[in-house]
Amino acid sequence: MSEMISLEEARALVLSHVRPLPVETVPVLEAVGRVAAADLASDIDIAPFAHSAMDGFAVRASELAEASPESPVELDVIAEVAAGDVFEGVIGAGQCVRIMTGAPLPADADAVVKYEVVNAVSGDGKPGSRVAFRAPADARANVREAGEEARAGEVVVGRGEVVGTAGVGFLASCGITEMPTYRRPRVAVIAIGSELVAPTEVPAPGKIRNSNSYALAACAQAAGAVPVVLPIVEDTHEALAAAVRDAAASYDFVVTSGGASNGDFDFIKPVVEELGQLLMTTVNMRPGKAQTFGLVDGTPVFGLPGNPAAAYVGFEMIVRPALRKMQGFSRFERPVVKARLSTDAKKRDPRRIFLRSTLSKDEAGDYVVTPAKNQSSGLFGPIQRSNCMAILPEGLESRTAGSVVECVLLDVSEEIVL
Ligand SMILES: Nc1nc2c(c(=O)[nH]1)N[C@H]1C(S)=C(S)[C@@H](COP(=O)(O)OP(=O)(O)OC[C@H]3O[C@@H](n4cnc5c(N)ncnc54)[C@H](O)[C@@H]3O)O[C@H]1N2
Ligand code: MOO
């Protein structure tokens, strides 16, 4: 189990051990960014009736066929119909109806001419006036048709579709106020390390603040999960075994950080092996080689490395896809763009390297990427100031300034294709 596997293998392995969680029904406002767990159908036609797209006059287009600036066609305005009203009268020859945007198209009319191109011959354009049309109108001009967007019973959001902010409005128009979706995974976040103290404390000599739990909880939340930061666990086999056993029994996913390497006080691997099945220990990437994965009582347990950047990259590249799959998502790749390196990038380690970097555009509009000067895996600051990770593939080939590398965009949804 000390075998080093590729990032792709690691991701596939973890994904193969998780599945979408049970379905819950949420109000549509809480469905934003979530996956529909069933086909959703409209109860009515959308739009429910043909209506005007303009404030103007509802006409029979055939009556205006000969209209021109030289010989305008004049019609009598016999009524006015506002949005929310219905005109149920008859429009006879030589007549039209003043109509507002959103009002149902009268049965006898087949086009709407907007105010701006109509002149009053007598009156002010309201009922009782006579108005002149100086151009023909196409049949159905300025008419939004019934059922233009959907027919009653038609599926408007399919199973597996991610609902966006506009989608919430679309569902509302279709009479759908609740949506079945996959439950958000509850994620236990456990920091391992006898050196760790809470961020509220000023660390005594030899101690440091637990920052990983907060970054990882934030990452879990950003992935749509519900994180719970559990107490720090000291570096003993017994303490860690108890914490992992309890967490695995109560949560959908357990994420630990620290104690993942081969030091005298690194216990996550033996603990997972003892409590369940150890499935993975090392991944060919940097930062973050020591990535432990296994199952405890069927619950996925992921042991991230202790170094902050290594924990962060492991979460982003492997844990996040798993948490997304549990919520029914099917896209797991963050958008990647190609960019020219602004500086040389030496490759001294054959692992795939993720350089925390800043992506920008030059004057020509082409992407340029600048790796953070300090690539220490012990730091969160360079990631806070980065917007991507530039990838140096496996091997020892260094890159010179100007060479093109792929960059994974941070904090950009997998649903976006660039
Ligand atoms: N002999 C070797 N030693 C190490 C190797 C190696 O290959 N051979 N790899 C190094 C790398 S790279 C990493 S990453 C770490 C991974 O090991 P651990 O997961 O056991 O990490 P720890 O030793 O527990 O911690 C590493 C570092 O990170 C700090 N840390 C831990 N937890 C937190 C936290 N919650 N918040 C903030 N900082 C944390 C910890 O104090 C250490 O400084 O192993 C290397 N060693
Ligand atoms: O796992 Mo370490 O860099 O590779 O931080």
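Remember, it's 1-based here, ligands and their atoms both numbered in the order they're listed. Note that these values count all heavy atoms, side chains included, but never hydrogens, waters or copies made by symmetry.
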Does some side-chain heavy atom of [Y] sit less than 4.5 Å from a side-chain heavy atom of [X]?
| X | Y | value |
| --- | --- | --- |
| Phe293 | His17 | yes |
| Leu64 | Val113 | yes |
| Asp108 | Arg60 | yes |
| Phe354 | Met317 | yes |
| Phe302 | Leu323 | no |

Which heavy atom of the protein is the closest neighbour of [atom], given with residue, atom name and distance?
| atom | result |
| --- | --- |
| atom 41 (O) of ligand 1 | Glu195 OE2, 2.6 Å |
| atom 37 (C) of ligand 1 | Ser211 OG, 3.3 Å |
| atom 17 (O) of ligand 1 | Ser261 CB, 3.0 Å |

Could you tell me which atoms of ligand 2, counted from 1 in the order shown, lie closer than 4.0 angstrom to a heavy atom of [X]?
| X | value |
| --- | --- |
| Ser377 | 3 (O), 5 (O) |
| Asn307 | 5 (O) |
| Pro287 | 3 (O), 4 (O), 5 (O) |
| Lys289 | 1 (O), 4 (O) |
| Arg351 | 4 (O) |

If you measure from [atom] to every heavy atom of [options], which option wins on shortest distance?
| atom | options | value |
| --- | --- | --- |
| atom 39 (C) of ligand 1 | Gly378, Gly263, Gly306 | Gly306 |
| atom 32 (N) of ligand 1 | Val313, Ile208, Asn212 | Asn212 |
| atom 43 (O) of ligand 1 | Asn307, Asn210, Leu196 | Asn307 |
| atom 1 (O) of ligand 2 | Gly288, Ala311, Pro305 | Gly288 |

Within a reach of under 6.0 Å around [atom1] of [X], are more than 12 heavy atoms found that belong to other residues, nucleotides or ligands?
| X | atom1 | result |
| --- | --- | --- |
| Ile208 | CD1 | yes |
| Lys114 | NZ | no |
| Phe265 | CZ | no |

Identify, by atom number and element, the atoms of ligand 1 in contact range of [X], meaning under 4.0 Å from any of its heavy atoms.
| X | answer |
| --- | --- |
| Asp266 | 20 (O) |
| Ala191 | 35 (N) |
| Pro305 | 14 (S), 16 (C), 19 (O) |

* To do: Measure from atom 35 (N) of ligand 1 to the protein's non-hydrogen atoms and state whether any distance is below 4.0 Å.
  => yes
* Is atom 2 (C) of ligand 1 in close reach of the protein, with a heavy atom under 4.0 Å away? -> no
* Asked: Out of curiosity, Ile318 CD1 to Leu13 CG, how far, rounded to the nearest 0.5 Å?
  ->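 These two atoms lie 9.5 Å from each other.
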* **Atom pair CE (Met4) and CG (Asn284), whose distance is rounded to the nearest 0.5 Å** => 4.0 Å
Should [X] be counted as touching ligand 1, given the test is an N or O pair under 3.5 Å?
| X | value |
| --- | --- |
| Lys289 | yes |
| Gly259 | yes |
| Ala260 | yes |
| Ser377 | no |

* Does Ser257 approach ligand 1 within less than 4.0 angstrom via side chain, backbone, both or neither, non-hydrogen atoms only? ->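 Just the side chain.
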* Asked: Taking both backbone and side-chain atoms of Ala310, is any N or O found less than 3.5 Å from an N or O belonging to ligand 2?
  -> no
Electrostatic pair [X]-[Y], nearest N-O below 4.0 angstrom:
| X | Y | result |
| --- | --- | --- |
| Lys338 | Glu406 | yes |
| Glu8 | Arg352 | yes |
| Lys126 | Glu80 | no |

* Just checking, any donor-acceptor pair under 3.5 angstrom between side chains of Thr101 and Asp55? -> yes
* May I ask whether Arg209 has any heavy atom positioned less than 4.0 angstrom from an atom of ligand 1? =>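 Flag set, Arg209 near ligand 1.
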